[in-house]
Amino acid sequence: MNILDKIIVDKKREVILKKSIIPVSQLEASVFFGKQTISLSQNLRNSNSGIIAEHKRRSPSKSIINNNFTVEEVVKGYENAGACGISVLTDGKYFGGSLDDLLLARASVNIPLLRKEFIVDEYQILEAKAHGADLILLIAAVLTREEIKSLSEFAKNLGLEVLLEVHNLEELEKSIMPTLDMIGVNNRNLKTFEVSLDFSKELAEKIPDEFVKVSESGISSIEAIHELKPYGYKGFLIGENFMKTDNAGQAATEFISRI
Ligand SMILES: O=C(O)c1ccccc1NCC(=O)[C@H](O)[C@H](O)COP(=O)(O)O
């Protein structure tokens, strides 16, 4: 079993457990159900930098990245740096994140928040909404076309935007549908951890123009942004490169000022 398969097996178990503890009615009672969301796709269309900065404590590929910051410090730093949006990893077992991180981020900033999670069930989309997210991630590698359709429709009905993540042409072709807002190409193969910007470059022309194109993972230099922009990418999701420093917000500020 590769790491992605393991994460999904654990995630399905986790969702069953959580459903037995927190009923849907409790999630739907959250104040965020009555609130308007903020559009990341609009921000990316109107931005020159296109940075989506990620709160990431650790990962299966790199182990501990940084445990020394508070969520508030990191996300306020990212907002002040001029990030278009923030990705908050909420998986606990593999990334050291939580839904509390998302809630703290929501209380701290007024820019779009992505719940970065391995979504396999509508329940997790309700959780995202209940904790202040503006958009969710769907990963094509772990979902069928039918699942992508029903989960993306469910998210859109809650006012959440959808970022679909793909890593190859097969995943892209099976997933294209009008309920997606952004299509992200993950430069990291989540099964082998191989990282290359070539994945973004090769898939770019196959992504229909109506979707905002996002390049995700393994971006660590301004040169990478300059290489990817001519392929039509408007969004760049960056985690480790900021989080591994002593001051993630400052690192994002310096990075964005040089784009
Ligand atoms: O980052 C990992 O090691 C990883 C492993 C398995 C599944 C997902 C993984 N990462 C999630 C992400 O998508 C990245 O955190 C995100 O794109 C930012 O990547 P980076 O800038 O390389 O930290």
Side-chain angles (χ1 to χ4, degrees), residues 1-12 14 40 44 49-67 69 71 74-75 78 81 83-98 101-102 105 113-120 124 133 135-143 162-168 171 182-200 203 213-225 227-228 233 235-245 248-249 251-252 255-256 259:
M1 228 197 269
N2 63 51
I3 186 72
L4 192 56
D5 294 335
K6 279 192 199 139
I7 293 174
I8 296 303
V9 168
D10 285 337
K11 196 52 68 180
K12 287 184 176 167
E14 181 187 306
L40 177 63
L44 294 177
S49 78
I51 299 302
I52 307 160
E54 185 160 275
H55 181 266
K56 184 177 189 182
R57 290 191 183 88
R58 60 183 152 90
S59 74
S61 61
K62 292 286 156 62
S63 187
I64 300 254
I65 299 169
N66 204 324
N67 251 335
F69 301 135
V71 177
V74 173
V75 300
Y78 285 161
C84 289
I86 296 173
S87 161
V88 181
L89 276 155
T90 56
D91 173 79
K93 181 167 178 183
Y94 297 92
F95 293 87
S98 70
D101 289 343
L102 184 58
L113 290 181
L114 165 66
R115 178 183 190 193
K116 194 78 182 298
E117 183 53 89
F118 299 85
I119 291 190
V120 291
Q124 295 162 289
L135 67 148
I136 57 150
L137 179 80
L138 295 178
I139 302 176
V142 300
L143 299 168
V162 178
L163 169 62
L164 177 89
E165 178 178 299
V166 298
H167 183 67
N168 58 41
E171 289 173 12
M182 291 152 276
I183 296 189
V185 179
N186 200 336
N187 298 310
R188 179 178 291 112
N189 181 327
L190 298 185
K191 296 169 183 165
T192 62
F193 296 155
E194 179 200 359
V195 176
S196 168
L197 297 186
D198 289 346
F199 294 115
S200 283
L203 279 185
K213 293 188 185 92
V214 178
S215 182
E216 306 172 13
S217 307
I219 299 174
S220 57
S221 69
I222 303 296
E223 290 69 34
I225 306 285
E227 265 180 59
L228 290 165
Y233 286 96
F236 308 94
L237 177 51
I238 304 181
E240 187 193 334
N241 189 54
F242 298 147
M243 289 297 293
K244 71 181 181 189
T245 66
F255 194 92
I256 290 171
I259 292 176

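Counting from 1, the numbers follow the sequence of the chain as shown. These numbers come from the heavy atoms of this one structure, side chains and all, not from hydrogens, waters or symmetry mates. Read the numbers this way: they start at 1 and go in the same order the structure lists the ligands and their atoms.
Considering each of F193, F236, F242, the one bringing a non-hydrogen atom nearest atom 5 (C) of ligand 1 is F193.
To the nearest 0.5 angstrom, E240 atom CD is 5.0 Å from I65 atom CD1.
Of the heavy atoms in F95, only side-chain atoms (C-beta onward) come closer than 4.0 Å to ligand 1. With a 4.0 Å heavy-atom cut-off, ligand 1 is reached by no atom of M243.
Using bins of under 30°, 30° to 60° and over 60° for the plane-to-plane angle, the ring pair F255/F242 lands in the perpendicular bin.
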Taking it one step at a time, do S217 and N187 satisfy side chain to side chain donor-acceptor pair (under 3.5 Å)?
-> CA-CA 5 Å; S217 307; N187 298 310; over 6 Å; no
Could you walk me through whether L228 and F236 pass the side-chain contact (heavy atoms from CB on, under 4.5 Å) check?
-> CA-CA 9 Å; L228 290 165; F236 308 94; 3.7 Å; yes
Under the side-chain contact (heavy atoms from CB on, under 4.5 Å) criterion, do D101 and R57 qualify, and how do the steps go?
-> CA-CA 11 Å; D101 289 343; R57 290 191 183 88; 2.6 Å; yes
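No hydrogens or angles considered: nothing links the side chains of E194 and N189 as a donor-acceptor pair under 3.5 Å.
Residue contact check for ligand 1: I3 places no non-hydrogen atom closer than 4.0 Å to it. Residue R188 places a heavy atom less than 4.0 Å from ligand 1. Not a single heavy atom of N241 sits under 4.0 Å from any atom of ligand 1.
Considering every non-hydrogen atom in both I64 and R58, the closest pair reads CA-CB, 3.7 Å. In this structure, F199 and N186 approach most closely via the heavy-atom pair CB-O, 4.1 Å.
Closest protein heavy atom to atom 12 (C) of ligand 1: K116 NZ, 3.0 Å. Considering only non-hydrogen protein atoms, atom 1 (O) of ligand 1 sits nearest to K56 NZ, 2.9 Å. At the top of the distance list for atom 18 (C) of ligand 1, counting protein heavy atoms only, stands E54 OE2, 3.3 Å. Annotation: atom 7 (C) of ligand 1 to nearest protein heavy atom, L190 CD2, 3.4 Å. In this structure, the protein non-hydrogen atom closest to atom 21 (O) of ligand 1 is G239 N, 2.8 Å. Here the heavy atom of the protein found nearest to atom 3 (O) of ligand 1 is S61 OG, 2.5 Å. Taking atom 17 (O) of ligand 1 as the reference point, the nearest protein heavy-atom neighbour is S217 OG, 2.6 Å.
The shortest N/O to N/O separation between E165 and ligand 1 does not fall below 3.5 Å.
Between I51 and the choices L44, L237, I238, I86, the side-chain contact (heavy atoms from CB on, under 4.5 Å) rule is met once, by I238.
Taking a cut-off of under 4.0 Å to the non-hydrogen atoms of G218, the atoms of ligand 1 that pass are 20 (P), 21 (O), 22 (O).
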